[in-house]
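Numbered from 1 within each chain, the chains take letters A, B, ... in sequence-line order. Values in this document were obtained by computation on a predicted structure and should not be read as measured data.
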Number of protein chains: 2
Amino acid sequence: MSESQMAPRRPGGRGSDIGRPRDPDMDQAILRATIELLSEVGYVRVSVAEVARRAGVSKPAIYRRWSQKSQLVVEAMVTQMRPGNDNDSGSAADDLIALTDQLIDLLTLTPLGRVLPGLVAEMAADPVLAASYRNLIIKPNVRHWHAAIERGIASGELAGDTDVDFVINALVGPLYFNLLITGEPIAAGYARAAVHLVFARYKTASS
Amino acid sequence: MSESQMAPRRPGGRGSDIGRPRDPDMDQAILRATIELLSEVGYVRVSVAEVARRAGVSKPAIYRRWSQKSQLVVEAMVTQMRPGNDNDSGSAADDLIALTDQLIDLLTLTPLGRVLPGLVAEMAADPVLAASYRNLIIKPNVRHWHAAIERGIASGELAGDTDVDFVINALVGPLYFNLLITGEPIAAGYARAAVHLVFARYKTASS
DNA sequence: CTCTTACGTAATTATCAGTAACGTAACAGA
DNA sequence: TCTGTTACGTTACTGATAATTACGTAAGAG
């Protein structure tokens, strides 16, 4: 049986337990080359052949690890995510502003901003990829937002009937809208203004 | 000189003034076939060859009118836009709710929702296309939002320092975020809740 | 009529994702 | 040390599809 017929590709994980092991340096080299190319030319113009060339690796070596270009890109982006800090400053408003500013940095300073448009297109056509992206990139981030808002509710800064998901959407939605649709830069002071908007609606009388 | 060297393709417009005129029925047939395919399979899987087949037209006939698949798709989407009604109900809040609900319909009921992800990717790689999309689709719509908000400010429903663009982003951003990133359906009652959020921040004391 | 452009057919170029075949290299376990 | 299994590189290939070109014919304008 030829190697290319092994059913599960186990992206990012090891291959089989027996036989010659995969070279871990290769994984790193591929991911690094992917990030590099991604930030230079954006998703659409990244070709697997060019990634292979820059990583000093063969194309089959890449497809042995990731079944699709899009999966490779998602994993490469995961390596760019900083471990989100659950900074509890004691003020939910300040925490939300910090989280918003962090997201702005992520979308404008890391390659993610250049990657997202192409990835969005792939996600729409590939549910498996969409699930990967949401589980690996979105969910871990949203967790912190949830926590900050829940803390605000618990402390009385935010009303008990605060709609957590609605608030998160209200804060992050405009950022993606700017990045993906209008192409305009995010206004300075956005984080503060957006959080202010939310608190005008959901703050309690006491706070 | 061969026809394919004519520098400006004049998408959607007429060709030259002399010589055999273009068949206007063809324009319609092409656009109709494009919309049809678009709603069936989404942007990525639309091929120009298949559009040509369904329209009963040759491929060069399409490229004579539109220089790229993406331009064709944008023009096809334009034909789907209803002429925005500047319904002035007397209440800016009601007008904004109506506009938001209209946008939700546009994104979920027309093919635009299936087209947008692929288009976003093209826009990121093609500034000319991005400009087309923004001028033909986004701007005409935003005009109504602007007007509604300005009316609200003039009537005293909204504070004089209301940041118009910020408000528009706050209302529409989450819709695009859901459509393009999370893939989750838009919550029932979103329009009302979002407008409520804005008014909690920007309403005047008198209103 | 003549000029010019539109049109269809058919072939072509170019790019790129993803596979396949095959020989060689590396590790695990007997 | 031998054997089985998998990784790796090289090379070639398939398949899809955007975009172009050549050429002969059709249809208008003046």
Side-chain angles (χ1 to χ4, degrees), chain A residues 1-27 29-30 34 37 41-73 118 121-122 125-126 129, chain B residues 1-11 13-27 29-30 34 37 41-73 118 121-122 125-126 128-129:
Chain A
M1 184 196 297
S2 111
E3 71 188 57
S4 53
Q5 288 178 29
M6 61 179 184
R9 293 281 174 104
R10 318 196 192 185
R14 298 183 199 301
S16 173
D17 287 338
I18 57 180
R20 175 175 173 176
R22 289 190 185 150
D23 182 350
D25 293 346
M26 235 175 205
D27 296 58
I30 296 168
T34 304
L37 243 186
V41 301
Y43 181 91
V44 179
R45 297 176 205 247
V46 164
S47 78
V48 176
E50 176 65 10
V51 171
R53 204 189 59 74
R54 293 202 187 193
V57 150
S58 72
K59 214 163 41 137
I62 294 180
Y63 280 103
R64 217 169 272 129
R65 291 167 168 79
W66 296 277
S67 60
Q68 296 178 330
K69 166 183 163 179
S70 46
Q71 291 286 358
L72 165 63
V73 170
E122 297 288 322
D126 181 347
L129 173 73
Chain B
M1 184 194 299
S2 112
E3 71 188 57
S4 55
Q5 289 178 27
M6 63 180 181
R9 293 279 173 102
R10 316 196 193 188
R14 296 183 200 301
S16 173
D17 287 338
I18 57 181
R20 176 177 174 176
R22 289 189 185 154
D23 183 349
D25 293 346
M26 233 175 206
D27 297 59
I30 295 168
T34 304
L37 243 186
V41 302
Y43 182 91
V44 179
R45 299 177 204 247
V46 165
S47 78
V48 176
E50 176 65 12
V51 171
R53 203 190 59 75
R54 294 202 187 192
V57 150
S58 72
K59 217 160 39 133
I62 295 181
Y63 280 103
R64 215 169 275 126
R65 293 167 167 78
W66 295 277
S67 60
Q68 295 177 329
K69 166 184 162 179
S70 46
Q71 291 285 359
L72 165 62
V73 170
E122 296 289 323
D126 181 347
V128 175
L129 173 72

Measure from [atom1] on [X] to [atom2] on [N] and round the result to the nearest Å.
X: B:Tyr63; N: C:dG8; atom1: OH; atom2: P; result: 15 Å
X: B:Gln71; N: D:dA19; atom1: CD; atom2: C1'; result: 14 Å
X: A:Arg64; N: C:dG18; atom1: CZ; atom2: P; result: 16 Å
X: B:Trp66; N: D:dT20; atom1: CH2; atom2: P; result: 15 Å
X: B:Arg65; N: C:dC7; atom1: CZ; atom2: C1'; result: 9 Å
X: A:Ile30; N: D:dC8; atom1: CD1; atom2: P; result: 8 Å

Output the single nucleotide from [options] whose closest atom is nearest the side chain of [X].
X: B:Lys69; options: D:dT10, D:dA19, C:dC7; value: D:dA19
X: A:Val57; options: C:dC7, D:dT20, D:dG9; value: D:dG9
X: B:Pro60; options: C:dA10, C:dT19, D:dA7; value: C:dA10

Close approaches to DNA chain C from residues 44-53 of chain A, in residue order (heavy atom, under 4.0 Å): A:Val46, A:Ser47, A:Val48
Pairs: protein N or O with nucleotides 26-30 of chain C N or O, under 3.5 Å:
residue: C:dA26; atom: O4'; partner: A:Arg20; partner atom: NE; Å: 3.4

Establish whether the base of C:dG18 is bridged to the side chain of A:Lys59 by a donor-acceptor pair shorter than 3.5 Å. yes
Would B:Asp27 and B:Arg22 count as a salt bridge (Lys or Arg N to Asp or Glu O under 4.0 Å) here? Give the steps. CA-CA 9 Å; B:Asp27 297 59; B:Arg22 289 189 185 154; 5.7 Å; no
Between A:Gln68 and A:Asp126, is there a side-chain heavy-atom distance shorter than 4.5 Å? yes
Distance-minimising heavy-atom pair for [X] and [Y]:
X: A:Arg54; Y: A:Leu37; result: NH2-CD2, 3.8 Å
X: A:Ala121; Y: B:Gly118; result: CB-CA, 3.9 Å
X: B:Thr34; Y: B:Ile30; result: OG1-O, 2.7 Å
X: B:Ala52; Y: B:Ser58; result: CB-C, 4.0 Å
X: B:Arg45; Y: A:Ala125; result: NH2-O, 3.1 Å

Are the side chain of A:Arg65 and the backbone N or O of A:Ala61 linked by a donor-acceptor pair below 3.5 Å? yes
What's the verdict on side-chain contact (heavy atoms from CB on, under 4.5 Å) for A:Lys69 and A:Val51, showing C-alpha distance, side-chain angles and the deciding distance? CA-CA 10 Å; A:Lys69 166 183 163 179; A:Val51 171; over 6 Å; no
Pairing string, 5' to 3', for DNA chain C - Watson-Crick or wobble contacts under 3.5 Å, brackets [ ] where pairs cross, | to another strand: ||||||||||||||||||||||||||||||
Phosphate oxygens OP1/OP2 of C:dT5: is one of them under 4.0 Å from a side-chain N or O of B:Arg22? no
